[in-house]
Amino acid sequence: MSDERETYDTAATETKWRAVWDDLQPFRADDDSPREKKYALTMFPYPSGDLHMGHAEVTALHDVVARYWWQKGYEVLNPMGWDSFGLPAENAAIRNDAHPADYTYGNIATQLESFQRYGVSFDWSRRFNTSDPSYYKWTQWLFLKFHEKGLAYRKNSPVNWCPNDQTVLANEQVVDGTCERCGAEVTKRELTQWYFRTTAYAQELLDCLDDLQPTWSDKVVNSQRHWIGRSEGAHVDFVVAGREEPITVYTTRPDTIFGTTFMVVAVDSALASDLVTDERRTEFEAYREEVRKETEIERLSTARPKTGVDLGVTATNPVTGQQMPVWATDYVLADYGTGAVMGVPGGDQRDWEFATVMGLPIVRTTQPPADFEGEAFSGEGPAINSPAEGESAPLDINGLAVAEAKSTTIAFLEEQGLGRGTVNFRLRDWLLSRQRYWGAPIPIIHCPVDGEVPVPEDQLPVELPELRGADLKPKGTSPLGGAAEWVDVACPTCGGPAKRDTDTMDTFVDSSWYFFRYVSPHDDTQAFDKGLADAWGPVDLYVGGDEHAVLHLLYARFFTKALRDMGLVSWDEPFSSYLSQGKVINNGRKMSKSLGNGVSLGDQLEEFGVDAVRLTLVFASPPEDNIDWADVSPGGSVRFLQRAWRLSGDVTSEPGVDPSAGDTALRKVTHKTLHEAETLVESHRFNVMVARTMELVNATRKAIDSGPGGSDPAVREAVEAVAILLSLVAPYTAEEMWERLGHQPTVARVGWPVVDEALLVEDSVIAVVQIQGKVRARLEVSPDISEADLEAAAMADAGVVRAIDGRPVRKVVVRAPKLVNIVV
RNA sequence: GCCCCGGUACUCCAAUGGCAGAGAGAGUGGUCUCAAACACCAUCCAGUGUGAGUUCGAAUCUCACCCGGGGCACCA
């Protein structure tokens with residue numbers, strides 16, 4: 001009985017096995033291995049403080065697969081590093097009169113220690129930090145490649161501005177009108193900034209989502225589709241009186257052109273200030289000033305009334321010949337389509353509201369259903385007033401359904417040279433420059449003579465000047481501008497006085513290519529080795545959180561395609577499959593300091609041990625679901641692991657004993673479990689895999705206590721299988737068991753047991769006999785019974801005969817060997 | 001407003017057209033213990049959000065609605 005209470009000391013085993021693993025290095029990825037290669041990747045962390053529950057979950061899940069691949073005989077690349085540029089370090093440096101590197105590298109050391117304690121199968125020999133000059137040298141090199149190909153360029157345009165962080169933001173970093181990072185309300189500024197031409201790949205980024213759909217979460221694919229936002233429509237030219245250039249608008253409803261009664265252009269567009277007449281200029285500029293002061297939140301509010309200014313010019317409707325006023329407004333976006341829209345109040349609710357406020361005419365061009373009660377009608381219906389009754393026009397689409405009306409109109413416009421069918425995307429180019437210090441400097445020199453001059457490759461990296469503390473205070477322009485001796489350089493082309501670009505790159509640039517760098521992390525002659533990239537990649541499994549659904553994941557896809565077109569890699573897509581893990585929450589709410597419901601990973605590890613915490617996170621739910629820490633039981637995990645471990649002490653046979661002489665019933669459970677576990681891991685149903693392992697433990701316990709006993713070879717086989725299954729989730733316990741079973745370390749690399757197919761076949765199965773879909777009898781039959789035999793057996797069963805009760809049998813459905821359904 | 005995902009015992013979750021329960025937690029009762037913890041045994045607990053449909057048969061497929069989570073949102 002005392003054996004049953006035996007336990008092992010988790011803290012001691014953690015220390016013990018870490019030393020062994022450090023020595024054996026079981027997870028070093030060998031570039032030259034003849035084994036088939038797999039690339040497993042988890043989003044690398046930003047080094048803010050220590051690791052938290054979220055890191056623990058994502059790495060535990062990801063490690064199941066990485067370790068499974070090793071066991072299955074693959075050579076696995078499973079690297080880890082740090083996404084170590086970013087604002088928190090800079091803000092900490094300002095607070096503490098320090099250098100951002102102090103904060104950054106201190107936290108990296110802390111997190112590295114935690115990762116190692118956590119027992120993840122990372123290949124630490126490949127680690128790097130994106131803030132290392134040896135890494136950002138290549139970030140800069142890639143920027144120059146993009147620049148060379150016209151994929152990185154500067155333009156002046158209204159941009160998102162975070163007043164708190166004092167820097168510009170990419171579209172993707174503005175969430176509900178607020179800064180994704182700090183929550184401040186975003187405003188607009190007109191600035192010259194650097195962009196990546198993501199829109200050049202809009203169509204391909206969209207098309208490839210079809211291929212990713214089966215192996216990526218629906219959520220992420222759906223979000224990206226929305227974000228890219230393809231729409232089909234037309235460009236239409238409207239002639240403006242007294243102006244050579246027409247106003248070109250983008251519309252998805254060219255068929256409603258007859259209902260155009262005014263034009264609207266974005267107030268903050270160059271077009272608006274170009275069009276406005278002198279008489280209207282004062283009014284226009286006052287309005288524009290008012291709009292500029294608005295925050296994004298105010299602008300996005302759909303409830304507030306429409307505003308605008310008449311620009312004093314008129315345009316001609318090309319199909320009706322009507323003269324229409326041209327207005328400037330803030331409800332048209334400067335950076336979508338052409339920044340100008342044809343106002344069709346009958347078919348567009350926003351135009352309806354505008355027309356109502358401004359007293360402009362409203363014409364319907366689509367016949368709404370009789371019971372339609374809304375204002376503008378944008379649904380299906382026959383075209384009307386195209387042209388209006390009694391009027392003639394060069395085009396007549398009356399009576400046509402929307403799709404036909406559209407195509408007919410486009411054909412007409414093209415024929416007349418007044419417009420053309422076109423495709424438009426919601427996706428904008430990626431604004432990548434930032435007015436902050438702790439990032440990769442943009443390797444461009446601005447010369448009054450030669451313009452934008454790339455820093456010559458042999459002068460990379462452009463290292464950050466040493467700035468600290470108050471030097472880094474945000475002031476709306478980059479802190480790098482304050483380092484005069486760094487800014488002033490000779491132009492590489494003419495040798496004359498020139499200045500370095502003082503902006504740094506968005507940190508998402510760093511993480512857009514880090515998965516390439518892992519294949520040759522120490523190569524100082526190139527960003528990464530193409531041969532190794534093609535050998536290891538693309539990433540077979542990427543695990544991370546949904547918060548990056550349209551940020552990192554889209555940028556990384558864009559980078560991969562651009563790099564491919566430069567001939568640097570052969571992949572089309574970076575991540576063959578993507579698993580998005582849920583969040584760890586507590587008591588139904590996100591963990592946060594203000595709610596006081598935070599759970600410290602360190603405390604949990606202290607209390608329950610690494611293995612129990614990992615097991616709890618893997619077992620709690622399907623990986624995509626959130627885990628509420630209040631719903632789970634790390635204590636239960638501890639008990640299970642002890643119970644599993646205790647099995648290894650009850651095995652009395654010697655290592656290497658032939659299991660084929662052992663108890664068949666237990667062997668069947670073992671082999672069935674191993675077989676199912678393969679499918680379950682491969683389909684990422686780790687929680688069920690753990691449940692199957694628990695069943696095997698329970699069955700083995702029974703076999704030892706009230707079955708063939710601990711000396712039976714089948715018991716050894718079963719317990720070894722448990723150790724191997726647990727090696728995916730609870731590496732310390734698995735090693736302890738393996739050692740106790742008389743083996744040498746490490747269980748992590750012993751290989752997946754060969755499943756004996758013969759043991760997967762049942763001798764007999766229970767067939768269910770249903771009458772009217774209700775179970776009336778169970779028959780024990782051979783698994784390969786024929787349908788005819790099974791039907792005969794069912795009809796002969798006394799219980800069945802009684803249940804039929806002499807009624808005529810209308811139909812018999814037989815699904816051998818599991819089921820017979822009799823319909824009377 | 002549009003789009004995506006999900007609703008199964010007290011709780012977390014299994015069951016991929018075929019017996020609703022694999023696994024776990026909590027509860028209750030017991031064995032063990034001086035006692036507790038651990039361990040072990042037993043036990044309580046749902047007809048699958050609601051309504052209709054398809055089918056011999058539906059948690060599973062279809063439609064509508066309700067609830068929850070997420071994405072987009074003045075994108076013309």
Side-chain angles (χ1 to χ4, degrees), chain A residues 1-7 175-177 217-227 229 231 233 249-253 256 264 266 299-304 306 329-333 335-344 347-351 353-354 378 424-428 546-547 549-550 580 582 615-616 619-622 624-628 630-640 642-643 646 676 683 685 687-695 697-698 701 705 766-778 810-815 818-824:
Chain A
M1 274 300 113
S2 66
D3 270 1
E4 278 184 2
R5 284 127 197 248
E6 196 182 2
T7 58
V175 179
D176 292 334
S217 76
D218 286 346
K219 220 170 165 179
V220 173
V221 171
N222 190 253
S223 299
Q224 291 210 2
R225 278 219 177 92
H226 262 274
W227 193 260
S231 69
V249 302
Y250 173 70
T251 177
T252 56
R253 290 294 300 274
T256 64
V264 254
R299 202 187 63 77
L300 289 174
S301 164
T302 46
R304 69 193 184 127
K306 296 278 183 283
T329 179
D330 65 345
Y331 83 86
V332 173
L333 306 175
D335 57 352
Y336 179 77
T338 59
V341 167
M342 58 188 212
V344 188
D348 183 284
Q349 186 60 29
R350 296 155 299 184
D351 295 342
E353 287 163 16
F354 189 79
S378 58
N424 203 37
F425 294 93
R426 237 181 49 99
L427 181 74
R428 312 296 209 276
D546 286 338
E547 64 273 19
V550 290
S580 59
L615 181 80
T616 303
F619 180 56
S621 70
E624 303 83 357
D625 291 3
N626 287 346
I627 296 173
D628 193 329
D631 288 335
V632 298
S633 169
S637 298
V638 172
R639 292 199 293 274
F640 165 71
Q642 295 285 358
R643 207 158 64 232
R646 226 173 278 122
E676 277 187 49
S683 52
R685 291 154 71 212
N687 55 326
V688 185
M689 186 274 285
V690 171
R692 295 283 173 270
T693 306
M694 289 172 168
E695 284 178 69
V697 167
N698 293 344
R701 182 82 258 160
D705 291 347
I766 302 295
V768 174
V769 185
Q770 299 177 332
I771 290 160
Q772 313 292 67
K774 293 221 161 42
V775 179
R776 297 296 186 199
R778 288 158 215 276
R810 291 198 318 180
K811 185 169 181 180
V812 181
V813 180
V814 185
R815 292 285 178 274
K818 291 173 74 178
L819 175 130
V820 180
N821 190 17
I822 299 164
V823 187
V824 296

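Proteins come first, then strands; the chains are lettered A, B, ... in the order of their sequence lines, and each starts at number 1. Because the structure is predicted, anything quoted here is derived from the model rather than measured.
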Do any side-chain nitrogens or oxygens of A:S217 fall under 4.0 Å of OP1 or OP2 in B:C5?
no
For A:N698, does the CG atom have more than 12 heavy-atom neighbours from other residues, nucleotides or ligands under 6.0 Å away?
yes
Identify all stems in which RNA chain B takes part, counting only runs of at least 3 consecutive pairs (Watson-Crick or G-U wobble, each distance under 3.5 Å), and give each as one range with another, ordered by first number.
B:1-7 with B:66-72, B:10-12 with B:23-25, B:27-31 with B:39-43, B:49-53 with B:61-65
So, does A:R692 get its side chain near the phosphate of B:A14, meaning an N or O under 4.0 Å from OP1 or OP2?
no
Under 4.0 Å between any heavy atoms, over every strand shown, what does A:V332 touch: base, sugar-phosphate, or nothing? Just pick one.
base
Has A:N687 got a side-chain N or O lying under 4.0 Å from the OP1 or OP2 atom of B:A14?
yes
P gap between B:A37 and B:U31, integer Å:
14 Å
Need one value for A:N424: base, sugar-phosphate or nothing, where a base atom within 4.0 Å counts as base even if backbone is also close, heavy atoms only.
nothing
Tell me whether the side-chain N/O atoms of A:R225 come closer than 4.0 Å to OP1 or OP2 in B:C3.
no
Spacing of the C1' atoms in B:U16 and B:A20 (rounded, Å):
15 Å
Whole-Å distance between B:C12 C1' and A:E624 CD?
15 Å
What is the distance, rounded to the nearest whole Å, between atom CG of A:L333 and atom P of B:A73?
10 Å
Nearest to the side chain of A:D218, heavy atoms from C-beta on, is which of B:A76, B:C4, B:G23?
B:C4
Kindly say if A:R815 contacts the phosphate of B:G57, meaning a side-chain N or O under 4.0 Å from OP1 or OP2.
no
B:C63 versus B:A26 - spacing of their P atoms, nearest Å:
41 Å
Take atom P in B:A64 and the same atom in B:G70, then report the distance between them in whole Å.
24 Å
Applying a 4.0 Å non-hydrogen cut-off, can you work out what A:Q770 is touching in the nucleic acid: base, sugar-phosphate, or nothing?
base
Does B:A76 have OP1 or OP2 under 4.0 Å away from a side-chain N or O of A:Y336?
yes
Taking the P atom in each of B:U43 and B:G23, what is the distance between them to the nearest angstrom?
13 Å
A:Y331 six-ring centre to A:K306 NZ/CZ under 6.0 Å and within 45° of normal
yes
Let me know the distance between CD1 of A:I771 and P of B:G57, rounded to the nearest Å.
15 Å
